[in-house]
Amino acid sequence: MNTSEPKLDNEQIKTMINAILDKYRREEGMLVSVLHEIQGEYHYLPRPALEEVSRGLKIPLTRVYSVATFFKVFSLKPRGRHLIQVCLGTACHVRGGARVRDTIERDLAIKSGETTPDFTFSLESVNCVGACALGPIVLVDGQYNGQMTIEKVDSVLKKYA
Amino acid sequence: MVKLTIDGREFQAEEGKTILDVAQGNNIYIPTLCYHESVAPYGACRLCMVEITNKRGKKKLVTSCLYPVEEGLDVKTDTPRVVSVRRMVMEFLLARCPDSEVLRKLGDKLGVEKVRFSQEEDKNKCILCGLCARACDEVVGASAISLVNRGVDRQMATPFFDASATCIACGSCAFVCPTGAIKCEDIGDTRKLTMPNITQEFRLAKCKACGAYWAPERQVDFFVKKSGLTREEYELCPDCR
């Protein structure tokens with residue numbers, strides 16, 4: 001099992017970021033879109049990437065860092081290849097969403113908000129994904145798995161591991 | 001020019017001025033923490049709340065530091081509603097930073113007798129007003145610190161909580177901080193900047209003539225870059241020049 005954090009090459013990051021910045025014509029106001037795209041590429045926001053964004057958009061690093069830490073979708077910690085989001089909105093909550101989350105936490109041996117050591121999965125809880133009739137819901141990489149039970153957790157996770 | 005009344009007194013004010021501008025210019029007391037004349041108002045501390053009555057007779061509470069004056073505006077700075085809201089805000093601030101001397105004094109002044117909320121333990125004195133960050137960005141131009149995270153995790157910090165690469169150690173943040181959360185001390189040839197999340201040390205530059213340490217080296221570098229002059233121009237302290 002590969003237990004190390006995904007290795008990043010600074011030169012490669014630079015090229016990648018500059019390509020993204022060019023796509024957004026290096027406009028200051030496109031900061032959030034730029035960060036979104038970077039996160040799509042690396043699953044998180046690597047520090048050298050944020051520093052390159054600051055240089056490329058000619059805005060202070062403090063502002064880039066403020067924005068990157070403000071939004072919940074952005075992660076500054078390396079995340080796994082697959083993102084599991086357990087819905088704990090009201091409907092999913094009363095239908096046992098928390099129990100599903102607990103099961104996933106136990107199966108993967110991580111807490112909500114953490115990443116498995118082999119960087120396969122990251123787990124987080126969200127507060128409603130707009131499909132309450134299908135609750136409890138577990139999203140994996142944006143794919144909806146409705147009417148989840150603790151019995152079904154294993155088979156859903158197996159598809160990705 | 002627009003006409004407005006504050007606490008029953010009539011004033012004329014330029015359009016674009018805020019209620020706080022007019023009040024302060026006429027010696028009407030409105031408590032503030034996050035306001036500073038040199039930086040853009042921000043409305044973070046919520047202590048400058050006043051009650052306004054607009055033309056239709058509707059009353060509402062607004063932050064006077066952000067509210068631009070209007071024709072016929074009727075402002076009251078000491079109605080029971082204003083007083084109670086300010087006391088409440090003050091209680092929240094005191095619960096967050098019980099160690100701050102400035103806040104305690106202001107609390108006494110506003111008539112806060114007891115803080116009903118559980119008080120934070122071993123917390124710093126930062127009320128997250130962002131005045132330091134705004135001064136650093138708008139006045140100094142270094143942009144070394146900012147507010148990071150969101151909600152209960154909100155903090156004042158340097159990017160990545162690391163030593164700042166852009167800080168010039170000028171100490172403006174410590175100067176403007178309303179609660180004394182940031183400290184700036186010169187010890188021998190180093191300047192120690194203590195912030196809630198990080199303590200940084202900077203070397204001070206020595207005056208070539210009198211030998212006094214007169215400014216942080218990074219600030220001198222900053223002067224050189226800004227003015228376009230040579231480094232030699234900055235070898236002497238202001239007294240020896």
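First the proteins, then the strands, lettered A, B, ... as listed; each starts at 1.
Applying the 6.0 Å contact sphere to CZ of Arg203(B) captures no more than 12 heavy atoms from other residues, nucleotides or ligands. Within a 6.0 Å sphere centred on NZ of Lys152(A), other residues, nucleotides and ligands contribute more than 12 heavy atoms. Within a 6.0 Å radius of CZ in Arg25(A), no more than 12 heavy atoms belonging to other residues, nucleotides or ligands are found. Other residues, nucleotides and ligands place no more than 12 heavy atoms under 6.0 Å from the CZ atom of Arg99(A). Counting heavy atoms of neighbouring residues, nucleotides and ligands inside a 6.0 Å radius, atom CD of Glu15(B) does not exceed 12 of them. Under a cut-off of 6.0 angstrom, the local environment of CD in Gln143(A) is sparse, with at most 12 non-hydrogen atoms contributed by other residues, nucleotides or ligands.
To the nearest 0.5 angstrom, Arg63(A) atom CZ is 6.5 Å from Ser143(B) atom OG.
Of the atoms belonging to Asp137(B), it is side-chain heavy atoms, and not backbone ones, that fall under 4.5 Å from chain A. Heavy atoms of Ala144(B) lying under 4.5 Å from chain A belong exclusively to its backbone. There is no contact between Ser164(B) and chain A, counting heavy-atom distances below 4.5 Å.
Side-chain atoms of Leu50(A) and Phe160(B), non-hydrogen and from C-beta on, do get closer than 4.5 Å to each other. Contact check for Asp162(B) versus Arg47(A): side-chain heavy atoms found under the 4.5 Å cut-off.
Judged by distance alone, the side chain of Ser146(B) and the main-chain N or O of Ser66(A) form no donor-acceptor pair under 3.5 Å.
Taking the six-membered ring for Trp and thresholds of 30 and 60 degrees, Tyr65(A) and Phe161(B) have ring planes more than 60 degrees apart, a perpendicular arrangement.
Between Phe70(A) and Arg150(B) the shortest heavy-atom distance is O-CD, 3.0 Å. Residues Asn149(B) and Thr69(A) share a closest heavy-atom pair of N-OG1, 2.9 Å.
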